[in-house]
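See below for the structure under consideration.
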Number of protein chains: 4
Amino acid sequence: MPPIAPTRAATGADLRQSILDEARRLLIDVGYPKLSMRKIADGVGCSATSIYLHFESKDTLIHALIGEGMRSLFGALQAADPAGDPVGRLAALSRAYVDFGLDNPELYEVMFQLHPERMARFPAEDYRRARRNLDLFEDVLASGAEASVLDAEPTPEVAAHALWTSLHGLVSLRLAERIDVRLAADAFTDAALARTVRAFRA
Amino acid sequence: MPPIAPTRAATGADLRQSILDEARRLLIDVGYPKLSMRKIADGVGCSATSIYLHFESKDTLIHALIGEGMRSLFGALQAADPAGDPVGRLAALSRAYVDFGLDNPELYEVMFQLHPERMARFPAEDYRRARRNLDLFEDVLASGAEASVLDAEPTPEVAAHALWTSLHGLVSLRLAERIDVRLAADAFTDAALARTVRAFRA
Amino acid sequence: MPPIAPTRAATGADLRQSILDEARRLLIDVGYPKLSMRKIADGVGCSATSIYLHFESKDTLIHALIGEGMRSLFGALQAADPAGDPVGRLAALSRAYVDFGLDNPELYEVMFQLHPERMARFPAEDYRRARRNLDLFEDVLASGAEASVLDAEPTPEVAAHALWTSLHGLVSLRLAERIDVRLAADAFTDAALARTVRAFRA
Amino acid sequence: MPPIAPTRAATGADLRQSILDEARRLLIDVGYPKLSMRKIADGVGCSATSIYLHFESKDTLIHALIGEGMRSLFGALQAADPAGDPVGRLAALSRAYVDFGLDNPELYEVMFQLHPERMARFPAEDYRRARRNLDLFEDVLASGAEASVLDAEPTPEVAAHALWTSLHGLVSLRLAERIDVRLAADAFTDAALARTVRAFRA
DNA sequence: AATGAATGAGGATTCATTCAT
DNA sequence: CATGAATGAATCCTCATTCAT
């Protein structure tokens, strides 16, 4: 009846992270619809109950995962941001965004394709964090517009969303493997990306 | 003892269609993740078992739904195609594509966001049908390029895919309700759409 | 994956009854709070899922049990009704009521101590059936009052409820084993019963 | 690292009382079947584990609650006891008993409807305490019998139990909301109570 | 005296599917 | 062509309790 020993893997505060790691791994492995608390527990080597010590519910866990993903995406964008010339920044950021999506397929989908109605409310704080990513693009567009090298019409905010739209579509269709196999995937990605960025030149 | 009478709804070949109709309806009603054979059967007024007389499995049924959706999208695109000026055609087709997505949210997601790897093989025939939709865009781009009013670089095929990518991103983010609420959804859609189409002008 | 053979016990329409029987048995064995679908299924030798073919939910099953109990109680009362002298009838019915309760302890509690708020709505039809039992007492009291041998003040309906109240209290405390052990249970029951009935003599 | 500070509520012996208070409160709030250690702990602002420092088990806690309830009931009866005329005393005590039950619905049920067999042994001390309440009725009946104004046949003890039986039945059915809604609940209670008391007049 | 972390057992219910008829 | 009966596996989550600290 009582626990005999710290079963196998992480314990304490580490467990929380282990759970997130395993959840992320499983997301890629089996996909969101088949992600279950039991599988996560089995994966980390703890009991399903233990998960509830660290996450209120499955939704909360997913939220945490999304939050993590948003932070991670932000980091990737910042790391890729060359600073300086807005045009170059825009290209670099766009590329980094797409790469992030292609490198974290299921995580990306959970981050951007999950319906809010199907999940408990996303905490406001996490929402703000998600927003920061777009702000990055908005900033670049705004400064590029000021320097007359980028077209941020009608407003940098709208333009940033429009740009995002194109990048997301590219990632999304590639992840869903809907791009014709006869098109070399990487070459196509390059072409589409170039086109998208070009469309925002002044 | 044999069944007494065809319970309520259609029988024979009709039943197949009734099942598809109900599945499509339920898709909107309860969403893909909660779509179940039983619910479909209850909705049509037949037994769950009967569905298996017409569809090998749930996957097969979903495939049929996708095929239907693809045909339906093709119809919508054709109906919206004004013929004549390639630039006008491109705008009209793009708009029609986006409208179809926004008008059939759940169906659209099943059509374009479902992972093929997690479903039984998508039949080649259906694949071809899906392809036709893109061909429409490709044709327009090709003829526009020939008339030097559209930019179909590097090839019409790639350009068509790139265009599709943008349109899909727009639909996808709107369906996932990820567009900032402060942006009027319809106005934003118009703006993004205009921008996308403009990017393909020569 | 598929069923191999009609596992063990009843099948078909019989299964429904077997489930009810087992549920009734378990009620006595482990009590209402620990009654679970799984245990019932194990008891009858079918899968937990199968129960849902016959009962919509646990509540529905309990309702069915209550309905059965009410019918059964009604039968017991009728069988014990000697006809004729209202005083004798009242005594016989009262005794039969108490005996029924003592003979079906858990069933009795589910029938009369379960909080309606804690269960889905009790179907109207079953409600009427429950009512019939009281009507029997009401009839006897009314006819006894007419013959001036019983006191049905202020009205037969109220008097019947008041009588019921006493009988139920007797059953309830005996079932909860709250009657002092130094009092011989049966002798006490006789005494209390006699007193109750006497209180309704004119 | 040791606990930093007594979190919020009481500590030491006070905590015991806080736990009982919260348990009683929760009993009304969520009902016995959904009463859980965790909920109690959350309510008091202590850890679930801490409860076990003061109560051996959930059963023990419930026992304590029952004991408290019995004391409380005893207080209510004593407070209502007018002294003097046995007939008046009997009426007053009976009314007080019923009121106590109706005013503390969930507690009353735990006190008188819980099956001892399904709980760890009820400590003898608590048993004695429960007994005192009945003794009160027994005394009144005995003195009333001596004064030939009450009927305590066959013995005051048995008569007290019989009286209790009726009072309990009244409370129990009212708590379970089994009294026909067409009967005004309070009026009916008055009528049934009057009848019960009258039945013990000499 | 008090805690945080952990657990195994169990809760009701839904699912896609299959069998014999 | 159609069915009703049945199933095992899976779902999220809650429970009372215990351990080391």
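Reminder, nothing fancy here: chain letters follow the sequence lines and each chain counts from 1. These numbers come from the heavy atoms of this one structure, side chains and all, not from hydrogens, waters or symmetry mates.
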Kindly point out which of [options] is positioned nearest to the side chain of [X]?
X: C/Tyr52; options: E/dA12, F/dT7, E/dA2; result: E/dA12
X: C/Lys39; options: E/dG11, E/dA2, E/dT7; result: E/dG11
X: B/Lys58; options: E/dA5, E/dT17, F/dT7; result: E/dT17

Response to the item:
Taken in chain and number order and not counting sequence neighbours, the residues that satisfy ring-ring contact (aromatic ring centres under 6.0 Å, His included) with A/Tyr52 are none

Discussion item. Under the rule for ring-ring contact (aromatic ring centres under 6.0 Å, His included), what residues qualify as partners of C/Phe55, not counting sequence neighbours?
Written reply: none

Response to the item:
From the list B/Leu26, B/Leu27, B/Asp21, side-chain contact (heavy atoms from CB on, under 4.5 Å) with B/Ile40 holds only for B/Leu26

Item to complete: Specify the residues of residues 24-38 of chain D, ordered by number, for which at least one heavy atom lies under 4.0 angstrom from an atom of DNA chain F.
Response: D/Leu35, D/Ser36, D/Met37

Taking only residues two or more places apart in sequence or in another chain, which ones pass salt bridge (charged side-chain N to carboxylate O under 4.0 Å, His left out) with [X]?
X: D/Glu22; answer: D/Arg25
X: C/Arg178; answer: none
X: D/Asp29; answer: none

Measure from [atom1] on [X] to [atom2] on [N] and round the result to the nearest Å.
X: D/Asp59; N: F/dT17; atom1: CG; atom2: P; value: 7 Å
X: C/Ile40; N: E/dG11; atom1: CD1; atom2: C1'; value: 12 Å
X: C/Phe55; N: F/dA5; atom1: CZ; atom2: P; value: 12 Å
X: C/Leu53; N: E/dT13; atom1: CG; atom2: P; value: 14 Å
X: C/His54; N: E/dT13; atom1: NE2; atom2: C1'; value: 16 Å
X: B/Asp42; N: E/dA16; atom1: CG; atom2: P; value: 12 Å
X: A/Ile51; N: F/dT14; atom1: CD1; atom2: C1'; value: 14 Å
X: B/Ile19; N: F/dC1; atom1: CD1; atom2: P; value: 12 Å

Worksheet item: Which is it for C/Leu65 and C/Val110 under the side chain to side chain contact (heavy atoms under 4.5 Å, CB included) test, yes or no, and what are the steps along the way?
Response: CA-CA 9 Å; C/Leu65 220 45; C/Val110 170; 5.7 Å; no

Worksheet item: What residue pairs, at least two apart or across chains, pass salt bridge (Lys or Arg N to Asp or Glu O under 4.0 Å) with a residue in residues 51-71 of chain C?
Response: C/Arg24-C/Glu68

Worksheet entry | B/Thr49: side-chain hydrogen bond (donor to acceptor under 3.5 Å, both in side chains) partners, not counting sequence neighbours | none

Worksheet item: Below 3.5 Å, does any donor atom in the side chain of B/Ser57 face an acceptor in the base of E/dT17, or the other way round?
Response: no

Worksheet item: Has the side chain of D/Thr49 got a donor or acceptor that lies under 3.5 Å from a partner of the other kind on the base of F/dT18?
Response: yes

Worksheet item: Pairs counted as Watson-Crick or G-U wobble with both distances under 3.5 Å: what dot-bracket string results for DNA chain E, using | for bases tied to another strand?
Response: .||||||||||||||||||||

Practice prompt. Would you tell me if any nitrogen or oxygen in the side chain of C/Ser47 comes within less than 4.0 Å of OP1 or OP2 on F/dT7?
Written response: yes

